[in-house]
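Chain A is the first sequence line, chain B the second, and so forth, proteins listed ahead of strands; every chain is numbered from 1.
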There are 2 protein chains.
Amino acid sequence: MEKQAVTIYDVAREAGVSMATVSRVVNGNANVKPATKEKVQAVIDKLNYRPNAIARGLASRKTTTVGLVVPDITNQYFAELARGIDDVAKMYNYQIILAGADESNQEGAEVLDNLLGKQVDGIIFIGNQLSDKVRERLASVDMPTVFAGSIDRQGTDPSVNINYQQAFKEATDILVKHGHQRIAFISGSLNHVINQEHKLAGYQQALVDAGLPLDKALVFQGDYSYQSGYAMTNQLRASKATAAIVVNDEMAAGLLNGLTDSGVQVPADFEVITSNSSKLTEMTRPQLSTITQPIYDIGAVSMRALTKLLAHEPLDDDQVTLAHGFSKRGTTR
Amino acid sequence: MEKQAVTIYDVAREAGVSMATVSRVVNGNANVKPATKEKVQAVIDKLNYRPNAIARGLASRKTTTVGLVVPDITNQYFAELARGIDDVAKMYNYQIILAGADESNQEGAEVLDNLLGKQVDGIIFIGNQLSDKVRERLASVDMPTVFAGSIDRQGTDPSVNINYQQAFKEATDILVKHGHQRIAFISGSLNHVINQEHKLAGYQQALVDAGLPLDKALVFQGDYSYQSGYAMTNQLRASKATAAIVVNDEMAAGLLNGLTDSGVQVPADFEVITSNSSKLTEMTRPQLSTITQPIYDIGAVSMRALTKLLAHEPLDDDQVTLAHGFSKRGTTR
DNA sequence: CTGAAAGCGCTTACAG
DNA sequence: CTGAAAGCGCTTACAG
């Protein structure tokens, strides 16, 4: 089908040199006489030679390809991370293989196997939770891996995140200062380490510091979707909560609209803080007050870290923590 | 770095057969005695053998990899298309290489070259407009290509879309019926064929049918972003328009919020219809009335078409048109 | 600075 | 039904 146009052999013959020399020119190897280099380069241009990355990958055992494991690319947070990753990958001449891995089923391991079969040089993991199966498999092949905006139970691999616990504590503090006695925590599954050990922990710390009780009836688990946020509205109202802090923007948007639809005035009667500062936070009305995090940068820094790993350069910092902030918008007073 | 665990040679030796036989078993070739097959499979399982896709790709000249060219994965419309594409790709055991190609600069050609270097079997193109440079390059290599939710000037490659012209005509008809005399058309660049020849054409047709004048002052060009929609507000008001139809949801969300912020009541004083029915249309307040299109399916059908192309199976239909509809929500009366 | 040759891990005719 | 061998298009020591 594809007409494998010109090979390294063609340019070697045409330029009157060996394949090895062509290879050196293509790869920018210094040990080539300038005149030779020019001659070869001319032929390359003339023949419009483009090296076959597959052959190169087989011979060198490096594919300049990295796998991006991501549960759902239509999620704004993940998509913005992916954008940062892809941009930096491009800079360093890596390609991204998308590995959509729905976290709710067991396809993660299969997806990973496919990636390994493709001989990716490394992996970037985005997601709420790494399944045990996947972690096991990952460990067994010792593939360079970076976690972007994601927390692994083990914490042995490099990662880039904000300090979720601190950010959630601060956000909860704001609600506490506004006098709320019953503040809800709207989470994804609490089996996800990032929720249980980081975000929930920050929320609880703020309550404890304020002398408020920890009431389990104020902790809700959704599935990160707009719908699950919307569907939570009645339960939330029944809990007598007067404010909520939400772990992701899609659920927060759903919740906000649910509240509004059931006649609750936000922020007058109920305050909401979300936590990803994705594009969505500007689109709702009122706009969502949010913990701010540099999502694009988290992705970019993660990919940069992976390129270092692959080049065997030292990482200044294994567990990078970027700065977070808070943006007061329309859902807080 | 990577320990290339076991090769086909290892399992051949262990199973007491030739590499060729192992290859046949792995590829499900029928010409293997059941007993042999079992024996080999047992060794494969025992050694946990996973074929090296790179070597396979080199030998067979097929990589089971397709390139996905997409301008911005953080755009909801594109992301939902990508999701459909990726899901079907997974079913047919294809991997997706993400090729982010900002349409505003010239990196498209480079990105395509990278894809070709990686020996992808085919390409799915998502985007507002294919640059001439890219089209040229694409044509010169005759790579199987499918356009997903996207229009190419030539229209020679297979594509999956809705009937944009008809959809925009119908949507404009609705606004006409509501008595609007000045209906704005909020577009991306009019140099983009999909806008000029399809969406704008449908809008204009409705106006002509209704005996309304075509006023260029009512046609606006943004860059598809929320910000560009928001920034258009004042101009739009100055145009004396009382309704608008918008080519994508992010701009529509920006416009809606811009109108609301400047004290315009939507839909009482101004009606808005958007056209992608992405998740965003539910998140705004009021929720956006929208042309509905099966975005996920457009992606899925596109990828399915590509798999057929790659298997040299006939395509029932080269230019697939899926059904569209209209969903009345809060921004129309 | 340059070339000959082996090898990367597979698939694919070709024989039998 | 199975195997021996060539070949996919490169890179990489090794020599010189």
Side-chain angles (χ1 to χ4, degrees), chain A residues 1-41 43-44 47-65 93 114 116-121, chain B residues 1-41 43-44 47-65 93 114 116-121:
Chain A
M1 189 85 266
E2 236 257 287
K3 37 188 163 185
Q4 172 55 50
V6 347
T7 70
I8 198 172
Y9 183 76
D10 297 322
V11 356
R13 186 161 22 84
E14 183 87 7
V17 299
S18 71
M19 287 168 45
T21 297
V22 178
S23 175
R24 288 189 190 99
V25 171
V26 168
N27 292 298
N29 188 312
N31 295 331
V32 184
K33 190 160 53 168
T36 313
K37 185 172 172 176
E38 265 177 51
K39 187 175 56 178
V40 172
Q41 189 59 55
V43 175
I44 288 176
L47 265 42
N48 194 9
Y49 167 66
R50 236 180 297 113
N52 180 323
I54 296 296
R56 229 207 276 234
L58 185 57
S60 69
R61 301 159 146 290
K62 284 183 302 182
T63 57
T64 62
T65 292
N93 281 309
N114 287 337
L116 297 176
K118 290 285 191 206
Q119 312 302 116
V120 295
D121 293 339
Chain B
M1 189 88 270
E2 237 255 289
K3 36 188 164 188
Q4 173 55 49
V6 348
T7 72
I8 197 172
Y9 182 76
D10 297 323
V11 355
R13 186 162 23 83
E14 182 88 9
V17 299
S18 71
M19 285 168 47
T21 298
V22 177
S23 176
R24 289 187 189 102
V25 171
V26 167
N27 292 299
N29 187 312
N31 294 331
V32 184
K33 188 160 57 167
T36 312
K37 185 172 172 177
E38 263 177 53
K39 187 174 56 178
V40 171
Q41 191 58 55
V43 175
I44 288 177
L47 265 42
N48 194 9
Y49 167 66
R50 236 180 298 115
N52 180 322
I54 297 295
R56 228 206 280 233
L58 185 57
S60 69
R61 301 158 145 288
K62 285 182 302 181
T63 57
T64 63
T65 292
N93 280 310
N114 287 336
L116 297 176
K118 290 285 190 200
Q119 312 301 114
V120 295
D121 293 338

Short side-chain N/O contact from B/R61 to OP1 or OP2 of C/dC10, under 4.0 Å: no
Qualifying residues under side-chain contact (heavy atoms from CB on, under 4.5 Å), relative to B/T63, sequence neighbours excluded: A/I54, B/T65, B/Q119, B/D121
Under-4.0 Å side-chain N/O to phosphate OP1/OP2 contact, B/R56 with C/dT11: yes
Spacing between B/I8 atom CD1 and C/dG9 atom C1', to the nearest angstrom: 8 Å
Integer-rounded Å distance: C/dC10 P and A/K118 NZ: 13 Å
CG on B/N52 to CG on A/L116, rounded to 0.5 Å: 11.0 Å
side-chain contact (heavy atoms from CB on, under 4.5 Å) involving B/S60 - partner list, sequence neighbours excluded: B/K62
Per A/S23 side chain, nearest of listed nucleotides D/dC10, D/dT11, C/dT11: D/dT11
Dot-bracket pairing map - DNA chain C, Watson-Crick plus G-U, both contacts under 3.5 Å, | cross-strand: |||.||||||||.|||
Euclidean distance, atom OH of residue A/Y9 to atom P of C/dA5 [Å, nearest integer]: 13 Å
Atom NZ of B/K39: over 12 foreign heavy atoms under 6.0 Å: yes
Table of protein N/O atoms under 3.5 Å from nucleotides 2-4 of chain D N/O atoms:
residue	atom	partner	partner atom	Å
D/dT2	OP1	B/T36	OG1	2.2
D/dT2	OP2	B/K33	N	2.9
D/dT2	OP2	B/T36	OG1	3.4
D/dG3	OP2	B/S18	N	3.0
D/dG3	OP2	B/S18	OG	3.1
D/dG3	OP2	B/T21	OG1	2.6
D/dG3	N7	B/R24	NH1	3.4
D/dG3	N7	B/R24	NH2	3.4
D/dG3	O6	B/R24	NH2	2.4

Test side-chain contact (heavy atoms from CB on, under 4.5 Å) applied to A/A59 - qualifying residues, sequence neighbours left out: none
Distance test, side-chain N/O of A/N27 to OP1/OP2 of D/dT11, below 4.0 Å: yes
Residue pairs involving residues 14-30 of chain B (criterion salt bridge (Lys or Arg N to Asp or Glu O under 4.0 Å); sequence neighbours excluded): B/E14-B/K46
Nearest-0.5 Å distance that lies between atom CZ in A/R56 and atom NZ in B/K118: 8.5 Å
Counterpart residues, side-chain contact (heavy atoms from CB on, under 4.5 Å), relative to B/T36 (two or more places apart): B/V17, B/T21, B/V32, B/K33, B/V40
Nearest-Å distance for atom pair CG/P, residues B/N52 and C/dT11: 10 Å
